[in-house]
Peer 1: 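Handing you this structure, nothing more for now.
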Amino acid sequence: MKKVCVLYISIEGNSRNFMERVEKYSKQKKEQNTNNIEIEAVEVSDSTDLVEEEKPFFINVPTYLEGGTGIGPEIHEIFTNALGDYLDYHDNFKKLIGIFGSGNRNFNVQFVLTAKRYASKYNKPLLYTYELSGIQKDIENFYEKIVDNLPKDYK
């Protein structure tokens, strides 16, 4: 069995709820012998100890922005700074495989803007986006994107 880490941040609980459902889905896949990849969701917050990651991982980031239209120079990230600090610690971002993002489609151009900014900053692919807590199809797609993007030599 391969355990794959997905680091995430959750402020209002949508991302936490989604990741708990992804973990459960991955365990079901393993129990059904349809795949040997299990997701381990690890929440990052301001109280998380910074450690150097040893294995490649993914991140899941919600959109929290403050300022202006959300796309101008006056914008700045709020609430996800702990995840950015974690990625920067000992160059953890070098082991980052890809990014998942969530948001609210009502915010138009701001939808998943935080994930897009992380993808740009760390030069990593934005693999999949979903709205708020996601639906079952999002959980399945999220899982499949992880399976499809794992390095061939991942152990």
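If you're wondering where the values come from, they're calculated on a predicted model, not measured in any experiment.
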Peer 1: Got Asp91 and Phe93 here, is their nearest side-chain heavy-atom distance under 4.5 Å?
Peer 2: yes

Peer 1: Just wondering, are more than 12 heavy atoms of other shown residues or ligands nearer than 6.0 Å to CG in Asn123?
Peer 2: no

Peer 1: Side chain to side chain contact (heavy atoms under 4.5 Å, CB included), that's the test. Do Lys121 and Asp88 meet it? Break it down for me.
Peer 2: CA-CA 11 Å; Lys121 178 180 179 180; Asp88 291 339; 3.6 Å; yes

Peer 1: Could you tell me whether Lys145 atom NZ has more than 12 heavy atoms of other residues or ligands within 6.0 Å of it?
Peer 2: no

Peer 1: Taking atom CD of Glu144 and atom CG of Leu127, what is their separation to the nearest 0.5 Å?
Peer 2: 13.0 Å

Peer 1: For a 4.5 angstrom cut-off between non-hydrogen side-chain atoms, does Phe100 reach Ile146?
Peer 2: yes

Peer 1: Is there a side-chain contact between Glu40 and Phe57, using heavy atoms and a 4.5 Å cut-off?
Peer 2: no

Peer 1: Is the CD atom of Gln32 crowded by more than 12 outside heavy atoms at less than 6.0 Å?
Peer 2: yes

Peer 1: Using the test side-chain hydrogen bond (donor to acceptor under 3.5 Å, both in side chains), find all partners of Glu43 that sit at least two apart in sequence or belong to another chain.
Peer 2: Tyr8, Arg16

Peer 1: Is there a side-chain contact between Asn60 and Tyr128 (heavy atoms, below 4.5 Å)?
Peer 2: no

Peer 1: At what distance, to the nearest 0.5 angstrom, does CD1 of Ile99 lie from CD1 of Ile97?
Peer 2: 11.5 Å

Peer 1: Crowded around Lys55 NZ? As in, over 12 foreign heavy atoms under 6.0 Å?
Peer 2: yes

Peer 1: Hey, could you give me the CD1/NZ distance between Ile37 and Lys2, rounded to the nearest 0.5 Å?
Peer 2: 5.5 Å

Peer 1: Checking the side chain of Glu23 only, and the main-chain atoms of Ala41 only, is there a donor and an acceptor separated by less than 3.5 Å?
Peer 2: yes

Peer 1: Let me confirm one number: the OH-CG distance from Tyr122 to Leu87, rounded to the nearest 0.5 Å.
Peer 2: 4.5 Å

Peer 1: My understanding is that only residues two or more places apart in sequence, or in another chain, count here; which of them pass side-chain hydrogen bond (donor to acceptor under 3.5 Å, both in side chains) with Ser120?
Peer 2: none

Peer 1: Kindly compute the distance separating CZ (Phe18) from OH (Tyr130), expressed to the nearest 0.5 Å.
Peer 2: 4.5 Å

Peer 1: If you measure from OH on Tyr118 to CG on Leu96, what distance do you get to the nearest 0.5 Å?
Peer 2: 10.5 Å

Peer 1: Please answer whether the main-chain N or O of Ile135 pairs with a side-chain N or O of Asp138 as donor and acceptor at a distance below 3.5 Å.
Peer 2: yes

Peer 1: Quick check against the 3.5 Å criterion: does Thr63 have a side-chain atom that pairs as donor or acceptor with the backbone of Ser102?
Peer 2: yes

Peer 1: Evaluate the criterion side chain to side chain contact (heavy atoms under 4.5 Å, CB included) for residue pair Tyr89 and Asp85; output intermediate values, then yes/no.
Peer 2: CA-CA 6 Å; Tyr89 182 77; Asp85 292 344; over 6 Å; no

Peer 1: I'd like to know whether Glu38 forms a salt bridge (Lys or Arg N to Asp or Glu O under 4.0 Å) with Lys30, so could you lay out the CA-CA distance, the side-chain angles of the two residues, the decisive distance to 0.1 Å, and finally the verdict.
Peer 2: CA-CA 7 Å; Glu38 188 173 332; Lys30 185 182 78 171; 3.0 Å; yes

Peer 1: Do Leu83 and Ile59 have side chains that get closer than 4.5 Å, going by heavy atoms?
Peer 2: yes

Peer 1: Indicate yes or no: at least one non-hydrogen side-chain atom of Pro62 is less than 4.5 angstrom from one of Ile9.
Peer 2: yes

Peer 1: Going by side-chain hydrogen bond (donor to acceptor under 3.5 Å, both in side chains), name the residues that satisfy it together with Tyr143, two or more places apart in sequence or in a different chain.
Peer 2: none

Peer 1: Under the criterion side-chain hydrogen bond (donor to acceptor under 3.5 Å, both in side chains), I'd like the reasoning laid out for Gln136 against Tyr25: C-alpha separation, chi angles, the key distance, then a yes or no.
Peer 2: CA-CA 9 Å; Gln136 183 61 34; Tyr25 179 76; 5.5 Å; no

Peer 1: Spell out, as yes or no, whether a donor-acceptor pair under 3.5 Å connects the side chain of Glu53 to the backbone of Asn92.
Peer 2: no

